[in-house]
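Report on the following structure.
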2 protein chains.
Amino acid sequence: MTWHSVHFDWNHLRAFLVTAEEGTLSAAAKALNSTQPTLSRQVCALEAELKVSLFERVGQRLVLTKSGLELLEHARIMGNAALDFALTATGQSQQIEGTVIVSAGELTATYILPKIIAKLRRLEPGIEIEVVVTNEPSDLKRREADIAIRSFHPKQPDLIAKKIGEEVIWLYASPDYLNQLAEISDYSQLENVHIIGFDQTSSVADILNQQGWNLSQQNFPVITPFQLLQLELCKEGLGLIFFPEQMGDPEPKLERAFEHMGPIMTLPVWLVCHQELRTSLRVRRVFDFIASEMQEIYKSPDQV
Amino acid sequence: MTWHSVHFDWNHLRAFLVTAEEGTLSAAAKALNSTQPTLSRQVCALEAELKVSLFERVGQRLVLTKSGLELLEHARIMGNAALDFALTATGQSQQIEGTVIVSAGELTATYILPKIIAKLRRLEPGIEIEVVVTNEPSDLKRREADIAIRSFHPKQPDLIAKKIGEEVIWLYASPDYLNQLAEISDYSQLENVHIIGFDQTSSVADILNQQGWNLSQQNFPVITPFQLLQLELCKEGLGLIFFPEQMGDPEPKLERAFEHMGPIMTLPVWLVCHQELRTSLRVRRVFDFIASEMQEIYKSPDQV
DNA sequence: TTTATGGTATACAAATTCGTATGACTTGGC
DNA sequence: GCCAAGTCATACGAATTTGTATACCATAAA
């Protein structure tokens, strides 16, 4: 086997890849925990090694040349291979010390995780936990997170998922606001009800309308995707919110609305992790611990 | 896009890959134009970065651990991507200066290439030619060569091939030896003829036996795959050799044997090159030049 | 036009990496 | 059993790469 063609500096290729993906040298430097001059030199060096002009320096902006665009495709393949390599490497690491990244939504991160993490840290002081709070599903493959808590089963076959339980969603409101709605028992009468929505899409309205409500955009005077703000607004009596019973019931200033009509919906709770990472002592420890602790919580919600 | 998991040193991964493939650090160092201590440190550094033990140091030999074996597969993918990257990069290089590697068999290298290379060097002083002389087909994909002269059409679809002509193979012998064989016209009488063979396999005998000869191992007292040695042995009168007429006819001390029976066989001559490289100014120039020069030669063999 | 912002390339000192030399060790052959 | 050959790891000076600071340029807004 000859390695003739592999003599160029692979780090320079990485510099090229990240620069091309990020758009600027400065951004690439930030992404790689490096500095802009370093990236600048590395890309230049790669161009010299290959005798190919990768970027065209037009003004302050770098724009890929035709050759650069073609080469970027191969560089991407290499980057993905590096990603896979890093992933299985983390999985192969048999040492318990290190960081585990957990991705969760705002509510889970706020109400569920703190006690679990505290308990885990007491049991395993060598494991450091990094929590990524996002309502978007993190890309486990790219290792934006090692473990994710999600409300849906992942499609990818290389992910493993464990079902923790069901999150029961009710409508909640402050006692004040509930008084204003008193006596109402028929959904169709709720023309002027206020609900604090997530975004401009009508998905929340759709769910309720399917259950007999008759809601339009006017029923959503305040909108925010930040659920903790929804909660505070609700406490102030600005309207109803969707909230899981595990988090909503313990809130002193919150009461279930229309309880006799039953819960709005239930969402499953999945704990997800990449297959490769299950072989890691560290990740497995955290995964199993979170799973057992959360299962305990979802069995008896009042413990939250 | 996050580059979280790509922070490890890609050159260290390359060091791991080449070391694993080559078997020892020293061999890997040679392959990478580096030194053994450097490779040693890089592999150690990678192990530290990943917190994974890649090799087990048993005695002086490095043997892959289970983790190392698993990671090697991903590293191989990355290596192949690097290969592809380098390949198209060379193709993208629009600079005429640089080295072009030509692979040829002994006879072509000795009789055909020198004049062509000399002429080319006069026309294109910026192009340096490296000739790889081997009877094995070079791996164009791994860039053991940029251009190869072969006697068969390549199967791989990503290679492009141009047919130069036909090599007509005769049996040749020294005048001395021919006199010993005088008067013989029937192949079946040639029980004691001596032929200088290539190797222990009976492929040469098979070819002749199919044409009515009756040869056994005894007819091949001297064997060598080195064709120039065959030639010299033939000149010394040790026996017959297979030789192309383009090279054999001009030899003063050589004559065709059994000419009236026609040539033994004809071999096509193909000029082969990787598709990606055709886009390189430099490689294309050499390819086209060799093609036209060789076609000229194979039209009128006496010019050799 | 002017100014503020965000970008790249260059200069030089500091930190890192590399190559040479060397030592300790294992394997294979005589 | 011993010697020769070949392996990997370590030490230290040299070479390379990196980061900080800075200059310079382009664009957008005032």
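Numbered from 1 within each chain, the chains take letters A, B, ... in sequence-line order. Just so it is clear, the values below take in all heavy atoms, side chains as well, and ignore hydrogens, waters and symmetry mates.
In this structure, A:L32 atom CG and D:dT18 atom P are separated by 12 Å, rounded to whole Å. Between A:R41 atom CZ and C:dA11 atom C1' there is a gap of 10 Å when expressed in whole angstrom units. The CG atom of A:N11 sits 15 Å away from the C1' atom of C:dC18 (whole-angstrom rounding). The CG-P distance, from A:L25 to D:dA26, rounds to 17 Å in whole Å. Rounded to a whole Å, the CG atom of B:L39 is 13 Å from the P atom of C:dT20. B:E22 places its CD atom 12 Å from the P atom of D:dC8, with the value rounded to the nearest Å. Between the CD atom of A:Q42 and the C1' atom of C:dT8 there is a distance of 15 Å, given to the nearest Å. Atom CD of A:Q36 is separated from atom P of C:dA9 by 7 Å (rounded to the nearest Å).
Residues A:L107 and A:L228 have side chains in contact (heavy-atom distance under 4.5 Å, counting atoms from C-beta outward). Looking at heavy atoms from C-beta onward, A:D84 lies in side-chain contact with A:K141 at the 4.5 angstrom threshold. Side-chain contact check for A:N135 versus A:F198: every heavy-atom pair is 4.5 Å or farther apart.
Between A:D9 and B:C44, the residue anchored closer to the 5' end of DNA chain D is B:C44, taking for each the nucleotide with the nearest heavy atom.
Remark: A:D288 engages A:R278 in a salt bridge, criterion side-chain N to carboxylate O under 4.0 Å.
A:Q217 CD: 12 or fewer foreign heavy atoms inside a 6.0 Å radius. Atom CD of A:Q95 is surrounded by more than 12 heavy atoms from other residues, nucleotides or ligands within 6.0 Å.
Each end of the helix from C:dT1-D:dA30 to C:dC30-D:dG1 gets its own axis from five base pairs, and the two axes differ in direction by 30°, given to 10 degrees.
In this model, the phosphate group of D:dG19 is approached by a side-chain N or O of A:S34 to a distance below 4.0 Å at OP1 or OP2. Distances shown here put a side-chain N or O of B:T38 below 4.0 Å from the OP1 or OP2 atom of C:dG19. Side-chain N/O atoms of A:S40 include one lying less than 4.0 angstrom from OP1 or OP2 on C:dA9.
Shown are A:R76, A:H74, A:H12, A:M78; of these, the side-chain contact (heavy atoms from CB on, under 4.5 Å) with A:L17 is made only by A:R76.
Relative to the side chain of B:S26, the nucleotides C:dA9, C:dT8, D:dC8 differ in distance, and D:dC8 lies closest.
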